[in-house]
Amino acid sequence: MQIELSNITVNVGTENKALFSISRWTLKEGEKLLLKGASGKGKTTFLHLLAGLFSPSRGEVKVGTFSLDQMTESERTSFRRRHVGFIFQKLNLIEHLTVLENIELATQKAHDHERALSALKAVGLGGREHERVSVLSLGEQQRAAVARVLAGHSSVVFADEPTSSLDEANAHEVARLLVESCRDKTLIVVSHDQRIEKYFSSIQDFTELTR
Amino acid sequence: MTPLRLALLSLTRHRFATAITVIAIGLSVACGGILLRLYELSESRFSAMGSGGDAMVGAKAGGIEILLGGLNGEGSFPDFVPYKLFESLRVEQAVRFEDGASTKPSFIESVIPLVYFGKFGGYRLAGTDGSFFHRPRSESLTFAQGRLFESSGEVVLGAAVAQSLGLKVGDTITVQGWRDDSPPSNLTLTVVGVLHPTGTQWDRTLYSSLDQAWSFFAESSAMIARKSIWGPQVLHYFLVYLKPGGFDGLETLVNRRTVAQAIRISDQKDRLQELSGAGRNVGLLVTSFVIALGALAVCAMLMTRFEGMSTQLAVLRALGYHKSEIARWLLWEGVLMGAMGLVLGALLDLMALPLLRSQLGSALPPAELVPSSLLISAPIWLAALLSTVAAVLIPLIRMGRQNTHDALKGI
């Protein structure tokens with residue numbers, strides 16, 4: 001899915017303070033972008049904008065053929081369900097569910113075990129599907145989150161600081177898995193983790209993007 | 001994953017919290033149900049009480065005790081009053097007292113004898129005569145089948161007795177005699193009549209002749225020696241129809257000068273209603289509080305649970321779960337916990353009421369006379385279920401107001 005932004009202005013807070021603005025920006029379908037930048041500049045808000053979780057004060061957000069700014073909240077939710085995969089820095093998973101049940105949250109059909117199991121196997125968590133996520137290490141939890149993206153039917157994946165809490169080995173493993181699992185998908189990772197830059201075809205500084 | 005599955009998983013994975021909440025709801029439902037059933041039982045005393053004219057005469061006791069013993073067949077074996085006093089009242093003969101005084105009652109319209117002396121299938125057997133059935137003021141009891149007993153060994157059945165035990169005219173029954181001694185002996189009686197239903201205690205009574213009762217009492221000289229100075233010719237109660245303004249005369253005659261006591265039925269019913277009315281109102285108030293307490297417990301638990309999961313709910317929203325799906329998850333949790341609480345509460349209600357009934361003894365009508373169906377508690381179940389669902393509304397509103405973007409920014 002190609003992503004296009006035009007004439008975006010994002011204001012936040014009760015004082016409607018300008019956070020960032022983007023005159024025009026396009027990401028081609030299938031591209032893997034690492035978006036770098038210092039904290040507090042609006043990277044997370046940018047991702048939420050692309051996922052339809054946040055509406056800009058002004059401007060157009062187009063993901064594929066979907067104009068998010070024209071859609072209702074319910075339509076944007078359905079859009080996320082069908083087309084978007086999400087990975088966060090931590091707390092990706094529902095604690096009281098097992099690994100498999102967490103993966104099934106993203107599958108379209110109820111009890112889509114096979115798809116969920118093969119996704120878990122792909123991220124090296126085969127055989128651990130019935131364990132509670134609370135017993136997994138942080139690295140394993142992030143791999144489970146990648147498996148959830150794999151098991152879903154998303155064509156665009158957003159990841160918000162997916163490796164910043166991980167040690168060296170896990171950061172590389174998760175980044176590699178993420179890029180590999182998104183072979184046919186458009187991927188945007190927001191991160192200031194330099195360890196994972198080598199896995200991306202495109203790296204952009206968020207400050208430059210919003211200039 | 002469906003909202004129902006999410007709810008089931010959430011409930012089973014938070015077993016301890018779920019169990020505590022279900023127990024809280026269960027106890028609320030049980031308390032509410034028991035209180036409501038006690039209320040209904042208390043009410044049944046008025047709606048199902050036998051009709052008995054204007055006044056009653058029984059052995060000296062509390063007025064309510066005489067009322068419930070005579071017209072509702074409640075309590076233990078009553079003390080006797082002499083048949084001679086009854087006879088004097090019936091024929092308006094002069095009643096002579098040991099101190100030489102005498103009085104001639106002229107205030108009686110009709111008087112009916114009543115003595116209980118047997119039990120059959122949970123129902124009481126009363127000894128009486130034709131006056132019990134042929135009453136003044138169009139209050140007569142009519143026969144659906146057969147006729148009045150004419151001799152010893154014959155019995156007439158109230159409508160409920162015949163219906164519940166499947167008896168008809170010509171059947172022979174063995175009644176367990178009741179005369180406050182042991183071992184009890186049996187009486188074999190033939191059904192000669194069945195009454196039309198009246199919707200009162202009289203439907204739940206068997207009737208035989210006074211002679212039958214007295215010959216049964218006469219078999220136990222020890223009991224007669226212990227309980228009667230008048231020999232076996234005794235009664236438990238007289239039901240009295242009075243001429244206008246006649247109660248004062250009856251009261252003066254009976255209460256001051258004899259071993260018996262006259263009560264005005266309407267006064268005692270009012271007194272009973274007043275006594276139990278306050279208790280009933282308090283009971284209903286407590287029931288409301290108890291149900292509200294259960295609902296608050298669910299509300300508090302769900303709020304705590306979902307507040308702790310606010311970021312996880314935001315993750316679900318980011319994954320494409322609609323607010324309506326999360327709302328259904330919450331509602332399912334509430335409904336399932338409510339339903340489990342209801343089942344637990346109904347079981348506790350079922351087990352506790354007989355226990356409570358036995359503890360309260362004669363304060364309640366006996367179970368064999370006034371059974372209490374568990375379904376009486378159904379309004380409590382409905383109220384509890386609605387309260388549980390209502391309790392979900394608060395976390396539901398909070399979830400609806402949650403800004404997913406803000407909730408996810410902290411992750």
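These figures come from a predicted structure and were not determined experimentally. Labels below follow one simple rule: chain letters A, B, ... track the order of the sequence lines, proteins then strands, and each chain is numbered from 1.
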Are there residues of residues 320-331 of chain B that reach to under 4.5 Å of chain A by heavy atoms, and which ones?
Gly320(B), Tyr321(B), His322(B), Lys323(B), Glu325(B), Trp329(B)
Check: Phe54(A) ring centroid to His405(B) ring centroid under 6.0 Å:
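Under 6.0 Å, so yes.
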Salt-bridge present ([X], [Y]; N to O < 4.0 Å):
X	Y	answer
Arg176(A)	Glu173(A)	yes
Arg115(A)	Glu104(A)	no
Glu95(A)	Arg13(B)	no
Glu197(A)	Lys36(A)	yes

Atom group of Thr12(B) that falls short of 4.5 Å from chain A, counting heavy atoms:
neither
Side chain, backbone, both or neither: which part of [X] has an atom under 4.5 Å from a heavy atom of chain B?
X	result
Arg148(A)	side chain
Thr98(A)	both
Glu73(A)	side chain
His96(A)	both

Aromatic rings Phe79(A) and His83(A): how do their planes relate, parallel, tilted or perpendicular, breaks at 30° and 60°?
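Phe79(A) and His83(A): tilted rings.
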Among Val12(A), Val84(A), Leu97(A), single out the residue with the greatest number of heavy-atom pairs under 4.5 Å to chain B.
Leu97(A)
Pair count under 4.5 Å, heavy atoms only, with chain B: among Ser154(A), Ser78(A), Gly85(A), highest is Ser78(A)
Listing request: all side-chain hydrogen bond (donor to acceptor under 3.5 Å, both in side chains) pairs with a residue in residues 19-33 of chain B, at least two apart in sequence or in separate chains.
none
Under 3.5 Å, is there a donor on one side chain and an acceptor on the other for Thr207(A) and Asp205(A)?
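Yes.
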Before giving the answer on side chain to side chain contact (heavy atoms under 4.5 Å, CB included), spell out for Phe46(A) and Ile22(A) the whole-Å C-alpha distance, their side-chain angles and the decisive distance to 0.1 Å.
CA-CA 10 Å; Phe46(A) 175 74; Ile22(A) 300 168; 3.6 Å; yes
